[in-house]
Number of protein chains: 2
Amino acid sequence: MPLADPAAPETPDPEALTPGTPPTGESLADLAYRRVEDLVVTMELAPGARVSEHGIAERIGVGRTPVREALQRLAGDGILVTRPRRGMRVREIDLATQLRVLEARRALEGTLVRRAALRRSPEQAARLRETAAAFRRMRDAPDPVPALRHDRRFVDLLLDSADNPFLASIIPLYALSRRFWLAHYARQVRFEPGAITDFHIRIGEAVAAGEEAEAGRLADAFLDHVEAFARFVGLDLAASS
Amino acid sequence: MPLADPAAPETPDPEALTPGTPPTGESLADLAYRRVEDLVVTMELAPGARVSEHGIAERIGVGRTPVREALQRLAGDGILVTRPRRGMRVREIDLATQLRVLEARRALEGTLVRRAALRRSPEQAARLRETAAAFRRMRDAPDPVPALRHDRRFVDLLLDSADNPFLASIIPLYALSRRFWLAHYARQVRFEPGAITDFHIRIGEAVAAGEEAEAGRLADAFLDHVEAFARFVGLDLAASS
DNA sequence: AATCGACAAACTGCATGCAGGAAAATTCGC
DNA sequence: GCGAATTTTCCTGCATGCAGTTTGTCGATT
C-alpha cells in the first residue's frame, strides 16, 4: 500500500488516475477506504475533525461516489461517527470507547489466532515468520508508523490463515486500537517499550508453528497488556479533558 | 419493520414513497438493506440467485444509488457474494460456510449476552421479558417466519443492552443462521421441536434477570445445539449435491 | 450439424446534477 | 456596539447518465 500520492492530485481527470487503478485491480472505493483509514489512524485527520465527501474526494482526486461508499463503510465500522444530519466526524479518542473496542477484540481475537494456527497453509506459515522477523527488525525503530502499517498486513495475514471471512470485523477494531496507541505513543515508550511488538512477534511465531493453545494464551495476555495500557494512559486522558 | 409493501411499488415517484420514509427517519439505503436482507433470509431471493442493482431498485421502487449502498453492505456482511466482475449473487447454503458462521458467532455471542446481562437498563430488561413472552407464545406456531422476524428484534435488543456497538457485526451472522434454519425447517421440526425457541426464551430471561454467568452458559449450550443441528442436516446437504 | 466468432444486451463503477436542510456568516434592529 | 434574524453557503441523500466490460445469443463457416 504505497499510499498513492502524498501531494494533492486534484485532477479528477480520468487520464491522471487510471494508471493507478487498473494495475491494482482495486476499486476507487476500496482505495478511498484504505486511504481515509490511514489518514485517521495517523491522525492526519484529527479526532473530531469534520469529514465531508467533497473534501475527501478532492483530497484523493476521485469523485464523490466512491468516497461516499468508503465513508459509509468507515462509519459502519465505527471509525467515523455520523451525527443524524450534521455530517460525519472522525471518532474521538476516549477511554470508554477504547475499552469497548478491546471488549470486542477480546471476543474475536482468541478465535482468530487459534484458527489461524490450526488452518494456516505452509506458505502462510512462511509469510507469518517473515512478518515476525520484520517486527523484530522494527522493534526499536524511532518512527512507529511503519510498524503500524506492517501491523495491518499482519492482521490481514492472520485472517487469511484463519480461513473465516466472518471474523473480518476485527479489522476496524485494530485500526482504532492502532490510533489509540499512536496517540499515546510517547507514554507508551515509558509504559513498556517494545512490549506490543514482542507480542506480535510471539503470536506470529506461535501461529506459524501451529501452536494453537499457545497462540490463544498469547492473544489473551496481549489483550490484558493492551487494556492495562489503555487504562494507564486513559487516566490522564480523562484528567486533561 | 412492517416490510413496506409486498406488492410491487414500481413508482420511483417521490410522492409514492415519501409517506414511508420521513416518519421512520430512515434512509432509503437502510430500507433497502433490511428489505433485501429479508428477501434473502426468507429465500424469496433464492440461494445463488443473481442480484442486480437495477433489479432490486425496480423491485422496491427506489433509485440505484441507495440500492447499491445496501448491496455493498450486504456483500461486506457475507450475505451476498460478489464474484470479481460478474455481479453479485445470494450466498449459497452449505455446511462448511455455516460452520464458519457459527465459529464467528461463538466468538461474539458469549460476550454479547454476558455484557447485555451486565449492562441492561430496567427498561431494556422489561422489553427482554416481553420478547421472551412473545417467543413463548410463538413456540408452536406453524409458520416460522414471524418468529424469525421477532428474532431479529431480539438481537437488536441484546445489542442495545450490551451497550457496545462494536459487537454489531454479529447481526449478519444471525441473518445467515436464520436462513439456514429456515431452509431446513422441515427437518428441524423432527430434530428437536421448539428447542431453538426455548433457548431464546431462557437467554432472554437470564439477560433480563442480570444473570451474567447463566446467560453465557446458555449461549454456549445454544451454539452447541445449533452446531449439532447444522451438522445433522448438513450431512444430506452434502449427499444431495 | 457443430464450433467459432461477432454482435447485442446488460451490468457495474463512477461522475455529476439537483433538492432539501443544517450551519455559518452577514446584516439589520435596538 | 451587541444581539437576533435573515441570507448565504455548504453538505448530504438520491437519481441519472455514461463508459468499459462481461455475458449470452445468433449467425457464419467448416
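Numbers restart at 1 for each chain; the letters A, B, ... are given by sequence-line order, proteins then strands.
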Let me see the working for A:H150 and A:F154 under ring-ring contact (aromatic ring centres under 6.0 Å, His included), right down to the final yes or no.
-> CA-CA 6 Å; A:H150 200 66; A:F154 180 49; 8.0 Å; no
Inter-residue atom distance B:T42.OG1 - B:L182.CG, 0.5 Å rounding = 7.5 Å
Side chain of B:V62 (C-beta onward), nearest among D:dA15, C:dC11, D:dG13 = D:dA15
Of the nucleotides C:dT12, C:dC14, D:dT12, which one has an atom closest to the side chain of A:S27?
-> C:dC14
To the nearest Å, give me how far apart [atom1] ([X]) and [atom2] ([N]) are.
X	N	atom1	atom2	result
A:R83	C:dA22	CZ	P	14 Å
A:M88	D:dC11	CE	P	14 Å
A:E69	D:dC14	CD	C1'	13 Å
B:H54	C:dC14	NE2	P	20 Å
B:L28	C:dA19	CG	P	17 Å
B:E26	D:dC14	CD	C1'	15 Å
A:E58	D:dC10	CD	P	11 Å
A:Y33	C:dC14	OH	C1'	21 Å

Ignoring hydrogens and geometry, is there a side-chain-to-backbone donor-acceptor pair from A:R68 to A:E53 under 3.5 Å?
-> no
Identify whether NZ of Lys or CZ of Arg in A:R73 sits under 6.0 Å from the centre of the six-membered ring of A:Y33 and within 45° of that ring's axis.
-> yes
Could you check whether A:V67 gets within reach of a base, just the sugar-phosphate, or nothing at all, counting any heavy atom under 4.0 Å?
-> nothing
Considering all heavy atoms, the nearest A:V90-A:A46 contact = CB-O, 3.4 Å
Between B:R50 and A:R64, who's closer to the 5' end of DNA chain C by nearest nucleotide?
-> B:R50
Under 4.0 Å: is that the gap between some side-chain N or O of B:R68 and OP1 or OP2 of C:dG13?
-> yes
For the side chain of B:T65 and the base of D:dT16, is some donor closer than 3.5 Å to an acceptor across the two?
-> yes
